[in-house]
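For reference, the structure is listed below as structure tokens.
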Amino acid sequence: MLELAIIGGGPAGLSAGLYATRGGLKDVVMFERGMPGGQITSSSEMENYPGVAEVKSGFDFMTPWQEQCFRFGLKHEMAEVVRVKKIGNHFGIVLSDGKEVEAKSVIVATGGSPKKSGVKGEDVFFGKGVSSCATCDGFFYKGKEVAILGGGDTAIEEAIYLAKICSKVYVIHRRNEFRASPVTVERSKKVPNIEFLTPYGVDEILGDDSGVTGLQLKNLENGNAKTLDIACLFVLIGYKVNNSVLIQEDGSNICAVSEYGEAVVNLKMETNVPGLFVAGDLRIDASKQVVCAAADGATAALSAIEFIEHHK
Ligand code: FAD
Ligand code: NAP
């Protein structure tokens, strides 16, 4: 039986693997359905990890993480995990090929992904003026005009954040009413360089070899077209956590989850099920940054070591 199974090989899973193996756990396997690295490998520029001054692509940034973990004995099994289930006082890891592996403790770090809008040009210009993360990419557009698509709390809070960096922020929303909390909307309306465009939809993201140059918009009430010159569109229309492995055959969750399906954990990354830990973007209140996911992974591994020690 494994001492620890880690599910997901993004920043949280890899950090967990490093701390668990270096901390003395034996038989630690990281189940990752693809190449390790996580979401950040789809980013062309990564410049906000403390201590790494050089701007790197997400892929180049993550490559040494796996090498470092494997040096301390972490094993990687390329496999999709279907479910984590409880078997007595340990766990069963059900894989998509029907195989089942048993483990004394589990760290789930399956992350998530921002929702895409499906607007024409979104895929073409992703990373070249289309972004899903204001904290990650806002600084690249310092002093420039940008737009946000969405009307939830994330969109409005990030509009306030971006307004401190960018010269102007357009918030494009498909309805006149906002899903975001009224107090946040009121606060954003007092920011002079935020302009609301409602009810508008984006018909097309315009650009050239240099990246995004503008947007083709449509007023959804009267059908009037409008073009906007902007350097970046932040698509902030929701986030989906990869929580399927927590869901049991009867539809219940193995541990407590929030109304959005994020795992409820304490500061030690412990769920309400002893021996089961959740780290990174999948947990409640995640800051959705590489440095935060990495820290979560390390914390979860230290908690798993403590758990294994107490149950020897
Ligand atoms: P993830 O990175 O999502 O990793 C989860 C891993 O689990 C994935 O590799 C996935 O394949 C695997 N997995 C999922 N389900 C299963 C399963 N059932 N079985 C097996 N494996 C599974 N953050 C920053 O700090 N700075 C940035 O500049 C930045 N830029 C970003 C740009 C983009 C385009 C995106 C999408 C995100 C960016 N982020 C950035 C956010 C950052 O990538 C995430 O916060 C971070 O990767 C979360 O790490 P994680 O380990 O929790 O999850
Ligand atoms: P969200 O609440 O689901 O809002 C998504 C927004 O995007 C909605 O305004 C929606 O429009 C719009 N949208 C969805 N699909 C779209 C599409 N294809 N094209 C254009 N617009 C689209 O997502 P979120 O803002 O990421 O927030 C997620 C949850 O986290 C929410 O419950 C939120 O309250 C919470 N949150 C809380 C805080 C906080 O408390 N400080 C901060 C951030 C997030 P419609 O409204 O028309 O559907």
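Note that ligands are numbered from 1 as they come in the structure, with each ligand's atoms numbered from 1 the same way.
- When hydrogens are left out, the protein atom nearest atom 18 (N) of ligand 1 is V81 O, 2.9 Å; that is the closest non-hydrogen contact.
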Evaluate E204 against K218 for salt bridge (charged side-chain N to carboxylate O under 4.0 Å, His left out), listing each step before the verdict. CA-CA 10 Å; E204 186 177 351; K218 190 196 276 164; over 6 Å; no

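- S105 places no side-chain N or O within 3.5 Å of a backbone atom of G275 that could act as its donor or acceptor partner.
- Of the protein's non-hydrogen atoms, E32 OE1, 3.5 Å is the one closest to atom 6 (C) of ligand 1.
- For atom 27 (C) of ligand 1, the choice among G297, G127, C136, A279 with the nearest heavy atom turns out to be C136.
- Checking side-chain atoms of N193 against main-chain N and O of C166 turns up a donor-acceptor pair under 3.5 Å.
- Of all the heavy atoms of F126, the ones lying under 4.0 Å from any atom of ligand 1 belong exclusively to the side chain.
- Heavy-atom proximity to A293, at under 4.0 Å, picks out these atoms of ligand 1: 48 (C), 49 (O), 52 (O).
- Scanning all protein heavy atoms for the shortest distance to atom 51 (O) of ligand 1 gives A12 N, 2.9 Å.
- The protein non-hydrogen atom at the shortest distance from atom 26 (N) of ligand 1 is N48 OD1, 2.8 Å.
- For ligand 1, the atoms lying closer than 4.0 Å to a non-hydrogen atom of F31 are 20 (C), 21 (N).
- By the 4.0 Å N-to-carboxylate-O rule, E195 lies too far from K189 to be salt-bridged with it.
- Atom numbering of ligand 1 starts at 1 in the shown order; those under 4.0 Å from a heavy atom of S42 are 34 (C).
- Protein heavy atom closest to atom 42 (C) of ligand 1, with residue, atom name and distance, is V290 CG2, 3.8 Å.
- In this structure a side-chain-to-backbone donor-acceptor pair under 3.5 Å is present from E32 to G9.
- Counting only non-hydrogen atoms, the option in K288, R33, E80, E47 that gets closest to atom 22 (C) of ligand 1 is R33.
- Formation of a donor-acceptor pair under 3.5 Å by the E3 side chain with backbone atoms of K26 is found in this model.
- In this structure a side-chain-to-backbone donor-acceptor pair under 3.5 Å is present from D153 to S181.
- Of all protein heavy atoms, the one lying nearest to atom 31 (C) of ligand 1 is I40 CD1, 3.6 Å.
- Note: F307 and F277 have perpendicular aromatic rings, judged against thresholds of 30 and 60 degrees for the angle between ring planes.
- In this structure, atom 2 (O) of ligand 1 lies nearest to the protein heavy atom Q39 N, 2.9 Å.
- Listed by number with element, the atoms of ligand 1 under 4.0 angstrom from any heavy atom of G9 are 6 (C), 7 (O).
- Salt bridge annotation for K56-E47: absent, with no cationic side-chain nitrogen under 4.0 angstrom from a carboxylate oxygen.
- Take F140 and apply the ring-ring contact (aromatic ring centres under 6.0 Å, His included) test, not counting sequence neighbours, and it matches no residue.
- With a heavy-atom cut-off of 4.0 Å, A79 touches ligand 1 through its backbone alone.
- Heavy atoms of P11 approach ligand 1 to within less than 4.0 angstrom.
- Counting atoms of ligand 1 from 1 in the listed order, those under 4.0 Å from a heavy atom of G112 are 3 (O).
- Residues Q248 and N253 bring no donor and acceptor atom of their side chains to less than 3.5 Å of each other.
- A salt bridge is defined here as a Lys NZ or Arg NE, NH1 or NH2 lying under 4.0 Å from an Asp or Glu carboxylate O, and E145 with K168 fails to meet this definition.
- With respect to K120 and D203, no salt bridge is recorded, no charged nitrogen being found less than 4.0 Å from a carboxylate O.
- In this structure, H173 has its ring center closer than 6.0 angstrom to the ring center of F178.
- A donor-acceptor contact under 3.5 angstrom links the side chains of D281 and Y239, judged on distance only.
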List below, pair by pair, the N or O atoms of ligand 2 and of the protein that are less than 3.5 Å apart, including the distance to 0.1 Å; reply 'none' if no pair qualifies.
{"residue": "ligand 2", "atom": "9 (O)", "partner": "G151", "partner atom": "N", "Å": "3.1"}
{"residue": "ligand 2", "atom": "9 (O)", "partner": "G152", "partner atom": "N", "Å": "3.3"}
{"residue": "ligand 2", "atom": "11 (O)", "partner": "R174", "partner atom": "NE", "Å": "3.2"}
{"residue": "ligand 2", "atom": "11 (O)", "partner": "R174", "partner atom": "NH2", "Å": "3.4"}
{"residue": "ligand 2", "atom": "25 (O)", "partner": "D153", "partner atom": "N", "Å": "3.3"}
{"residue": "ligand 2", "atom": "25 (O)", "partner": "T154", "partner atom": "N", "Å": "3.0"}
{"residue": "ligand 2", "atom": "25 (O)", "partner": "T154", "partner atom": "OG1", "Å": "3.2"}
{"residue": "ligand 2", "atom": "26 (O)", "partner": "T154", "partner atom": "OG1", "Å": "2.7"}
{"residue": "ligand 2", "atom": "32 (O)", "partner": "Y260", "partner atom": "OH", "Å": "2.3"}
{"residue": "ligand 2", "atom": "34 (O)", "partner": "D153", "partner atom": "OD2", "Å": "2.6"}
{"residue": "ligand 2", "atom": "41 (N)", "partner": "E157", "partner atom": "OE2", "Å": "2.6"}
{"residue": "ligand 2", "atom": "46 (O)", "partner": "R175", "partner atom": "NH2", "Å": "2.8"}
{"residue": "ligand 2", "atom": "46 (O)", "partner": "R179", "partner atom": "NE", "Å": "2.9"}
{"residue": "ligand 2", "atom": "46 (O)", "partner": "R179", "partner atom": "NH2", "Å": "3.4"}
{"residue": "ligand 2", "atom": "47 (O)", "partner": "R174", "partner atom": "NE", "Å": "2.9"}
{"residue": "ligand 2", "atom": "47 (O)", "partner": "R175", "partner atom": "NE", "Å": "2.8"}
{"residue": "ligand 2", "atom": "48 (O)", "partner": "R174", "partner atom": "NH2", "Å": "2.9"}
{"residue": "ligand 2", "atom": "48 (O)", "partner": "R179", "partner atom": "NE", "Å": "3.4"}
{"residue": "ligand 2", "atom": "48 (O)", "partner": "R179", "partner atom": "NH2", "Å": "2.6"}

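- Heavy-atom contacts of M46 reach the following atoms of ligand 1: 26 (N), 27 (C), 28 (O) (cutoff under 4.0 Å).
- The V245 neighbourhood of ligand 1 comprises atoms 18 (N), with distances under 4.0 Å to a heavy atom of that residue.
- Of the heavy atoms in D281, both backbone and side-chain atoms come closer than 4.0 Å to ligand 1.
- Between F72 and W65, the ring centre distance reaches or exceeds 6.0 Å.
- Taking every heavy atom of A109 and a limit of under 4.0 angstrom, the matching atoms of ligand 1 come to 5 (C), 6 (C), 7 (O).
- Of the protein's non-hydrogen atoms, G10 CA, 3.5 Å is the one closest to atom 4 (O) of ligand 1.
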